[in-house]
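Before any comments, here is the structure.
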Amino acid sequence: MRVITVGLGARSYDVLIEDGLLDRAGEHLARFTTGRPFIVIADETVAKAQWPRLKAALDSSGIDSDLITLPAGESTKSWAQLEYLLDELLLREVERSDHIIALGGGVIGDLVGFAASILKRGCHFVQIPTTLLSQVDSSVGGKTAINARAGKNMIGSFHQPSLVLIDPTVLDTLDPREVRAGYAEVVKYGLISDPAFFGWCEDEGHRLLAGDSDARAHAIGTSVAAKAAIVGEDERETSGRRALLNLGHTFGHALEAETGFSSTLLHGEGVAAGMALAFRFSAAQGLCPAEDAARVTEHLRAMGLPHDLDSAHVSASGATLVAHMLHDKKRTGGTLPFLLAKGIGQTFLDKTVDLKDVEAFLDADRKG
Ligand code: NAD
Ligand code: MG
């Protein structure tokens, strides 16, 4: 078993990673029992696919439990579902000293984390992430949120979990397209600051996507360790360090907005294309070797991920895409901070980017 500690003083916690961990979850959760049943929250899909395993594990440790199910999908990160969840938790008389358990992807993790942060002024929670994206990214770091009319993740809190249990075997029931989308966030850690890990991705990434146990464990462990280090340094994104995790997200967000945040382009797919665009833009600006940008593009292409506007199903102009970026950041013109690269593993924040250059680059990049 790999154990990674997120070091945040009194709020430090462990992330455990091991095949089959879900079937032994009772051993790790027993220390949180208070005499009341554990309340587990899952979406309907995960409830069918993985709850029976967790229930059996809790039963075999003599731990009572109760399941609350919510609809699957991004729209569950809403006021309506938050209100429903809080009422269900209050009906079950959850107390501040209790731990509630998020069993699911980033949607359930973000919603349950937020509910835990406000229920009776805050109770504890445990993350059991069931998508590759949530295992390598959203379950670690304590960002919780629901969506608002004004945009995604606009209402939320920082509330760290007490424990994160990662069982890579839960990915066996996840749609392969979702696994591939989550893989974009794995590659991201190599591109931010770990060129050797990007090289590993080039060599072994296909084994991860095929479900190889060693490859999954290495990729998840490396990603969680990278995220834990960043969160330990900059929990609330004040020094700029945590902002590096948004590599590819400004370009990617524009692509997601243009495709209506729909199944045309999953978040990780937008991030994949966004990272390729950020590297090619960096090369076009003379900041990054063209060979590095080409390696990034080629790897994402080889893994079946979007890597340019066409493969992201986006036909909009550079001007339209830049307008989406400005809208996201609530700006009206001029400039935006961009995460660019001096090379693979050398991402930095550039506050001097001219949006006219971004527009011209996007139009030229499409013509290739
Ligand atoms: P998700 O939670 O919607 O899961 C994707 C789909 O897979 C859902 O339909 C779900 O029912 C299904 N599913 C999940 N696990 C499964 C399994 N093991 N077997 C079968 N089906 C399974 O989406 P996601 O990609 O995990 O998370 C996206 C969310 O994460 C977004 O809302 C995003 O804002 C958030 N996020 C948060 C952070 C953070 O730091 N808090 C970071 C990144 C993303
Ligand atoms: Mg992301």
Side-chain angles (χ1 to χ4, degrees), residues 6 22 41-54 69-78 81 102-114 117 125 127-148 151-161 164 166-189 192 211 216 223-224 227-228 230-231 235-237 242-253 255-256 261 263 265-275 339:
V6 183
L22 191 62
I41 301 97
D43 73 28
E44 280 153 9
T45 309
V46 174
K48 281 201 194 82
Q50 300 295 340
W51 164 243
R53 285 178 68 189
L54 178 56
T69 55
L70 299 170
E74 183 70 29
S75 57
T76 291
K77 279 173 58 173
S78 65
Q81 295 297 336
L103 175 69
V107 164
I108 290 297
D110 279 16
L111 177 71
V112 170
F114 187 39
S117 76
F125 80 118
Q127 291 268 22
I128 307 185
T130 62
T131 60
L132 183 57
L133 180 137
S134 56
Q135 294 186 340
V136 301
D137 191 351
S138 63
S139 65
V140 177
K143 278 191 182 176
T144 82
I146 59 170
N147 302 325
K152 280 186 65 177
N153 299 324
M154 288 288 169
I155 301 151
S157 61
F158 286 95
H159 188 54
Q160 300 292 343
V164 182
I166 300 183
D167 180 349
T169 70
V170 301
L171 302 177
D172 292 340
T173 60
L174 184 64
D175 180 344
R177 184 181 171 197
E178 293 281 356
V179 178
R180 205 177 301 120
Y183 177 72
E185 305 274 9
V186 171
V187 173
K188 185 181 77 177
Y189 294 105
I192 291 172
R216 275 198 307 218
S223 300
V224 168
K227 180 142 187 192
I230 289 176
V231 168
E235 183 185 13
R236 291 182 173 238
E237 211 166 307
R242 188 162 181 171
L244 293 177
L245 294 169
N246 294 328
L247 173 64
H249 283 60
T250 298
F251 283 103
H253 181 92
L255 306 179
E256 286 184 85
F261 293 97
S263 57
L265 192 70
L266 301 178
H267 171 72
E269 294 172 339
V271 169
M275 293 190 300
L339 288 163

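Counting from 1, the numbers follow the sequence of the chain as shown. Ligands are counted one by one from 1 in listed order, and the atoms in each one are counted from 1 as well.
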*What residue and atom, counting heavy atoms only, is the protein's closest point to atom 34 (O) of ligand 1, and at what distance?*
Lys77 NZ, 3.0 Å
*Heteroatom proximity flag, Thr130 to ligand 1, N/O under 3.5 Å*: yes
*Using distance alone, decide if ligand 1 has a nitrogen or oxygen within less than 3.5 Å of any nitrogen or oxygen in Asp110.*
yes
*Within the stated cut-off of 2.8 Å, is an N/O/S atom of Asp137 closer than that to the Mg ion (ligand 2)?*
no
_Best match, Thr45, Ile108, Asn153, Val271: closest heavy atom to atom 21 (N) of ligand 1_ = Thr45
*What protein heavy atom is closest to atom 4 (O) of ligand 1, reported as residue, atom name and distance in Å?*
Thr131 CG2, 3.6 Å
*Check ligand 1 against Gly105 and write out every atom of the ligand that is under 4.0 Å from a heavy-atom position of the residue.*
2 (O), 26 (O)
*the Mg ion (ligand 2) - name of the N/O/S atom of Glu185 that sits closest to it*: OE2
*Ser139 backbone acceptor or donor facing Ser134 side chain under 3.5 Å*: no
*Can you tell me if Glu237 uses its side chain to pair, donor with acceptor, with the backbone of Arg242 under 3.5 Å?*
no
*Looking only at distances, please establish whether an N/O atom of ligand 1 is found under 3.5 Å from an N/O atom of Glu178.*
no
*Between Lys77 and Asp110, is there a donor-acceptor pair closer than 3.5 Å when you use the side chain of the first and the backbone of the second?*
no
*Should you measure from each heavy atom of Asp137, which atoms of ligand 1 turn up under 4.0 Å away?*
42 (C), 43 (C)
_Can you confirm whether the side chains of Gln50 and Thr173 place a donor and an acceptor under 3.5 Å from each other?_
yes
_Residue and atom name of the nearest protein heavy atom (relative to atom 38 (C) of ligand 1), distance in Å to one decimal_ = Ser138 CB, 3.2 Å
*Can you find a heavy atom in the side chain of Lys152 that is under 4.5 Å from one in the side chain of His253?*
no
*Measure from the side-chain N and O atoms of His249 to the backbone N and O of Leu247, and report whether any donor-acceptor pair falls under 3.5 Å.*
yes
*Please answer whether the main-chain N or O of Asn147 pairs with a side-chain N or O of Asn153 as donor and acceptor at a distance below 3.5 Å.*
no
*asked:* Residue-level breakdown please: for Glu44 versus ligand 1, do any non-hydrogen atoms fall below 4.0 Å on the side chain, on the backbone, on both, or on neither?
replied: neither
*Any N or O of Gly106 that comes nearer than 3.5 Å to an N or O of ligand 1?*
yes
*Does Pro129 offer a backbone N or O that forms a donor-acceptor pair with the side chain of Gln135 under 3.5 Å?*
yes
*Closest candidate by heavy atom, reference atom 7 (O) of ligand 1, pool Val170, Leu174, Val46, Val179*: Leu174
*asked:* To check your reading of the model: name the closest protein heavy atom to atom 9 (O) of ligand 1, its residue, and the distance in Å.
replied: Ala72 CB, 4.0 Å
*Do Ile108 and Val46 touch side chain to side chain, with heavy atoms closer than 4.5 Å?*
no
*Nearest protein heavy atom with distance in Å, relative to atom 44 (C) of ligand 1*: Leu133 CD2, 3.7 Å
*If we only count heavy atoms from C-beta on, is the Leu103 to Leu54 side-chain gap below 4.5 Å?*
yes
*Which protein heavy atom lies closest to atom 31 (C) of ligand 1, and at what distance to 0.1 Å?*
Glu74 OE1, 3.3 Å
*asked:* Using heavy-atom distances only, which candidate in Asp43, Thr173, Leu266 approaches atom 19 (N) of ligand 1 most closely?
replied: Thr173
*Is Lys188 close to Leu245 at the side-chain level, that is, under 4.5 Å between some pair of heavy atoms?*
yes
*Could you check if a side-chain atom of Arg53 sits within less than 4.5 angstrom of a side-chain atom of Thr169, using non-hydrogen atoms only?*
yes
*Taking N or O atoms only and a 3.5 Å limit, does Ala49 qualify as a polar contact for ligand 1?*
no
_Check this for me - ligand 1, Val107, N or O atoms closer than 3.5 angstrom, yes or no?_
yes
_Per-residue contact class, Glu185 against ligand 1 - non-hydrogen pairs under 4.0 Å_ = neither
*Taking Thr144 for the side chain and Ser157 for the main chain, is one N or O donor matched with an acceptor at less than 3.5 Å?*
yes
_Selected option - heavy-atom contact closest to atom 40 (O) of ligand 1, from His267, Gln127, Lys227_ = Lys227
